[in-house]
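Accompanying notes for the structure given below.
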Amino acid sequence: MADQVVPFSNPAGRELFWHSASHLMAQAVKELWPGAFLTIGPAVDDGFYYDVDFPAPITEADLPRIEARMHEIVDRDSPIVRREMPKSEALEFFRARGDTYKVEILNEIPDATVSLYEQGGFVDLCRGPHVPSTGALKAFKITSIAGAYWRGDEHNKMLTRLYGVAFPTQAQLDEHLKLLEEAKKRDHRVLGRDLDLFSFHEEMGPGLPVLHPKGAIIRRVIEDFWREEHARNGYETIFSPHIGKATLWETSGHLGFYKDSMYAPLEIEGQKYYLKPMNCPFHMLAYNNRQHSYRELPIRYCELGTVYRYERSGVLHGLLRVRGFTQDDAHIFMRPDQVDAEVTQVLKFVLFMLRTFGFAEFDVYLSTRPEGRVGTEAMWDTAEGVLLHALDEARKAGLISSFTEDKGGGVFYGPKIDVKVKDALGHAWQCSTIQVDFNLPERFDLTYIAEDGSKQRLVMVHRALLGSIDRFMGALIEHYAGAFPLWLAPVQARVLTITSDLEAYGRGIVDQLKAAGIRAEGNYSPEKIGHKIRAAELEKVPYMLVVGKREAADGKVAVRKKGKGDEGVAVVADVVARLAGEARERR
RNA sequence: GCCCAUGUAGCUCAGUGGUAGAGCGCAUCCUUGGUAAGGAUGAGAUCACCGGUUCGAUCCCGGUCAUGGGCUCCA
């Protein structure tokens, strides 16, 4: 059976190409370190990797050597040959080499026959297919080196993972590397510092950001919009404290299921208090403070609740993975007959919010019953059916194009819908989650009084639209590369005077903008206009309003839109109205 | 937490076993110039922290902390 040649433009072809490149890298490693053992080396979304058990640690400094050897192997242009053999024979082959990793993999392959690939004396167990010869692999780069546990299990040995990418031509590789550079410039951590949005400090501790005034404006704009829309959608805001007694977390089950993510308790007057990792228990108590009639439902409690979770130091990452963050949380209490309509409404709400922030592409997942769960099968059947129905409705309405079912991916207390947004570079960010919860209503004995006067168990849905406000900000920063649309921009307009003697005129314009609710400031320094424009462009201010003698003479400004250039002069009042309008429309 | 790497001025980065340098930014002064960098001068650094080796450590060694790339998990 000969391997088919599949073009690189095709996803399968790309995978084949990258997988072959992975073998090429493996051969180079094996030639340079004969004592190294190869484990697994697949193609991944944006390249390939190979996990290697090296006899002694290697470092980044070794990468050029490996690349050089790879080029040598390419020049040899060895044919890549597939050989099939009985599993037992392959086992013997790898056992003889003392290659326990390949033996372990082989033992898990159910087939009686396996395939090996050979290229210039280098042999690896592989399903294939591959490019016909090593000469086909022209352009590649080992991009990084990292540790990775054998089989991803931290109880296993730590291997060395080499990541790489490969392309049929050098031009394509260069293009790809350029794209990576671009992505680096959009990194929210870099922009967060350059645009003076937030910072981290050793003195405060890892995973604990502090928002600077400009970052705080973005946060406040997000929150104001959020509150407004929640009020409009029938939510009531509540506020809950940051700590709660141990008994509360015992009731909620967090001390049983979530303890590893919670911080050690504080002791106050002989009682243990825990920093909250979630807001749910407080909302449950607020609901349960009095009896509720079926007529009141659904009741929707929302809160921008700041929670604290222990995250292992190695996983912290800018605003995306922190130890204290604010969830845009809500808990909806309802009758069983209301769940369908409510979930559908929540999903629409989610998509409305995300679209308003400028995201147009979503990855939507339905996660169903996992092993080890609470609730009856009938409850799961109903809840999964409801979520599925909501997703179907959203699809029919054109709100989403499709969704993926993650079988067994639900939480122990109920099924859920997750929505990830895709940013301008195509990266997916986990944001929204809509979860049916069978657990807390039982634990907190949440009920309502039905039409016939009986006490009934209610259904509770837990949801977050943006997920973590902090993470969402990170997503926005990268999506817009720091160049926020007007309504989100910390500074919306900057007045730039051609000469410093026009300061008074400039200040007048700033005042008019501010009076209209525009976040405006002026730059009246005696720098040249080109300098001021460059500064404003770099700070990604959406509008630059340039004023010189000509404009000052007849009450006008020259409008320059960031990234677009000079738009010509306009009357000040018109410009103020235009910006105010854009901000109001959240553009 | 684990593996590897990194930590020098606000930022980006040079550099050396004899206590540091550039560009940008910042301050002051000059310049008042029409759409992405005008000029001069100046301030600014216990070279992450703690310990060791050494006559002497920013540099070598050890530890700690933080950061980065991953593994794992998740908002």
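Every chain is numbered from 1 and lettered A, B, ... according to where its sequence line falls, protein lines coming before strand lines.
When each of A:Lys561, A:Arg578, A:Arg560 is tested with A:Glu567 by the rule salt bridge (Lys or Arg N to Asp or Glu O under 4.0 Å), just one qualifies, namely A:Arg578.
Nucleotide B:rG7 forms a pair with B:rC65, judged by Watson-Crick or G-U wobble geometry with both contacts under 3.5 Å. Across all strands shown, B:rG34 has no partner, as no Watson-Crick or G-U wobble contact with both distances under 3.5 Å is found. The nucleotide B:rC2 finds its pairing partner in B:rG70, both defining distances of the Watson-Crick or G-U wobble pair being shorter than 3.5 Å. Base-pair partner of B:rA22: B:rU12 (Watson-Crick or G-U wobble, both distances under 3.5 Å). The pairing partner recorded for B:rC29 is B:rG39, the criterion being a Watson-Crick or G-U wobble arrangement whose two distances lie under 3.5 angstrom. Across all strands shown, B:rU46 forms no Watson-Crick or G-U wobble pair with both key distances under 3.5 Å.
Residue contacts for A:Lys549: at a heavy-atom cut-off of 4.0 Å it reaches a base atom on one of the strands shown. In this structure, A:His201 reaches neither bases nor backbone, as no heavy-atom distance under 4.0 Å exists between it and the strands shown. Contact annotation for A:Arg312: base contact, defined as any heavy-atom pair under 4.0 Å involving a base atom. Contacts of A:Phe200 with the nucleic acid, taken as non-hydrogen atoms under 4.0 Å apart, are absent. Residue contacts shown for A:Arg189 are limited to sugar-phosphate atoms, with no base heavy atom under 4.0 Å away. At the heavy-atom level, A:Pro526 lies under 4.0 Å from base atoms of the strands shown. Note on A:Ser500: a base of the nucleic acid sits closer than 4.0 angstrom, heavy atoms only. Residue contacts for A:Gly530: at a heavy-atom cut-off of 4.0 Å it reaches the sugar-phosphate backbone alone, with no base atom in range. Looking at heavy-atom distances under 4.0 Å, A:Gly152 makes contact with sugar-phosphate atoms alone, never a base. Among the atoms of the strands shown, base atoms are found under 4.0 Å from some heavy atom of A:Glu551. Note on A:Val322: a base of the nucleic acid sits closer than 4.0 angstrom, heavy atoms only. Nucleic acid contact class of A:Ala535 (heavy atoms, under 4.0 Å, all strands): none. Residue-level contact check: A:Arg321 touches the bases, meaning some heavy atom is under 4.0 Å from a base atom. Among the heavy atoms of the strands lying under 4.0 Å from A:Gly467 are primed sugar atoms or P, OP1, OP2 only; no base atom is included.
Each of A:Ser525 and A:Ser144 has a nearest nucleotide on RNA chain B; the 5'-most of these lies closest to A:Ser525. With the nearest nucleotide of RNA chain B identified for both A:Arg560 and A:Ile145, A:Arg560 has the one nearer the 5' end.
Nucleotides B:rA40 and B:rU31 place their C1' atoms 11 Å apart, quoted to the nearest Å. B:rC60 and B:rC73 are spaced 39 Å apart, taking the C1' atom of each and rounding to whole Å. Here the separation of B:rU32 from B:rU46, taken at their P atoms, is 40 Å to the nearest Å. A distance of about 25 Å separates the C1' atoms of B:rG10 and B:rA5, rounded to the whole Å. The separation of B:rU16 from B:rU58, taken at their P atoms, amounts to 16 Å, rounded to a whole angstrom. Of the P atoms belonging to B:rU8 and B:rC13, the separation is 9 Å, rounded to the nearest Å. Nucleotides B:rG44 and B:rA9 are separated by 15 Å at their P atoms, to the nearest Å. A distance of about 8 Å separates the C1' atoms of B:rC65 and B:rA48, rounded to the whole Å.
The span of RNA chain B lying next to chain A, judged by atoms under 4.0 Å from heavy atoms, is bounded 5' to 3' by B:rG1 to B:rA75.
Side-chain contact annotation: A:Glu478 with A:His427, donor-acceptor N/O pair under 3.5 Å absent. A:Gln430 and A:Tyr365 form no side-chain donor-acceptor contact under 3.5 Å, judged by distance and modelled atom types alone.
A cation-pi arrangement is absent between A:Lys532 and A:Tyr524 under the rule of less than 6.0 angstrom and at most 45 degrees off the ring axis. Annotation: cation-pi geometry not satisfied between A:Arg373 and A:Phe412 (NZ/CZ under 6.0 angstrom from ring centroid, within 45° of ring axis). Taking the centre and axis of the six-membered ring of A:Trp226, the NZ or CZ atom of A:Arg220 falls outside the cone set by 45° and 6.0 Å. A:Phe282 carries A:Lys276 over the face of its six-membered ring, with the cationic atom under 6.0 Å from the centre and within 45° of the normal.
Using cut-offs of 30° and 60° for the angle between ring planes, the A:His283 and A:His331 rings count as perpendicular. Below 30°, between 30° and 60°, or above 60°: for A:Phe167 and A:His176 the angle between ring planes is between 30° and 60°, a tilted geometry.
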